[in-house]
Amino acid sequence: MSWLLHRIDDRLSHGQVVVAWAQRLQPQRIDVVDDAVGSRLRPARIWVADDAAASSSWERSLLLSAAPGIEVRVVNVAAAAAAYAEEAAAPGGAFLLVRDLASARALVEAGAAVPAWNLGGLHYAPGKSKINEYIYLDDGDLGAARALLERGVTLEVQDVPASRAQSLRALIPMLSAT
Amino acid sequence: MSARVPALLVMHADLSAALLRAAEQVVGPIEGVETLSNAGLSRDDLERAITERVERWPSGGLVFTDFWGGSCHQCGASAARGRGEVVVVTGLNLPTLIDYLHNREKYGVVDLAERLQKKGQESIRVQRSAA
């Protein structure tokens, strides 16, 4: 099993990922999935995956430089879903990062057999309700979460390895209501 | 003598404010240095908060962050993009901040950033115990 971590974090690759999780789990490759960026640079090794900078080769080189010693690839959701099984069988470990629950849902619905997502950072924005200090969700997020749960995907809230993982279902009982 | 190069410290948790307070204990009250924490901010909001501050600088300045590759660095770099006189310097420590304070009116932005990189690298030293 190549996949070590599947993470939903609006910062994509950043300190918690490249320092805390990477040292804990030691991936050989970080795959950043973002439709906005992915279509442009499939074979790139590290990207800064940011909607505002999606069209910028400069941003991609920033992400490349931001995780020294780790190969980073950015692909769109469809490409990541298509490559998912192959990566799962590849030697070495990998992280899969998406920026939001909608992307996580799209990836799974496109065929990636992701067993569990780590919700690591979905920060406050207008219209979002607080779940904990680093997770804020709106109705669209909850819809995506519900769809993932209905497919049997586990959703766990945990920012860094040293903190306790909590199931999103336990934090939001209404997700279990049908 | 040049105009004073302004600075913004962008770091995790309370580090930037604490670093500035520590520097003030050494050199006295400090003007022209702003601080910002990334706590609770999405990538977009952190970049926006940095941009709001650096775009007030009439002729550039320095964005200091704690470590290379973190959100503070990446968002600082994004905010500085296209603003040639806004330069990001990562890995700021107290000796380097004090060197900035002593030299911010003597250098332009780019030359000051290069000086601080060198000074910062030199600032970590090992005190070997006496034989």
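In what follows, every chain begins at residue 1, and chains take the letters A, B, ... in the order their sequences are listed.
Looking at every heavy atom in both residues, A:Pro161 comes nearest to A:Gln158 through O-NE2, 3.3 Å.
Only the side chain of B:Asp45 comes within less than 4.5 Å of a heavy atom of chain A; its backbone N, CA, C and O stay farther away.
Sorted by first then second residue, the salt bridge (Lys or Arg N to Asp or Glu O under 4.0 Å) pairs that include residues 55-72 of chain B, not counting sequence neighbours, are B:Glu34-B:Arg56, B:Glu55-B:Arg83. Residue pairs meeting the salt bridge (Lys or Arg N to Asp or Glu O under 4.0 Å) criterion with at least one member in residues 16-33 of chain B: none, sequence neighbours excluded.
For residues 122-139 of chain A, the interface with chain B (any heavy-atom pair closer than 4.5 Å) comprises A:His123, A:Tyr124, sorted by residue number.
Between the side chains of A:Asp100 and A:Ser103, at least one donor N or O lies within less than 3.5 Å of an accepting N or O.
Here B:Leu36 is tied into one hydrophobic group with B:Leu8, B:Val10, B:Leu41, B:Leu46, B:Ile50, B:Val54, B:Trp57, B:Val63, B:Val86, B:Val88, each link being a pair of ILVMFWY side chains closer than 4.5 Å.
Proximity of a side-chain donor or acceptor of A:Trp117 to a complementary backbone N or O of A:Arg105 within less than 3.5 Å is not detected.
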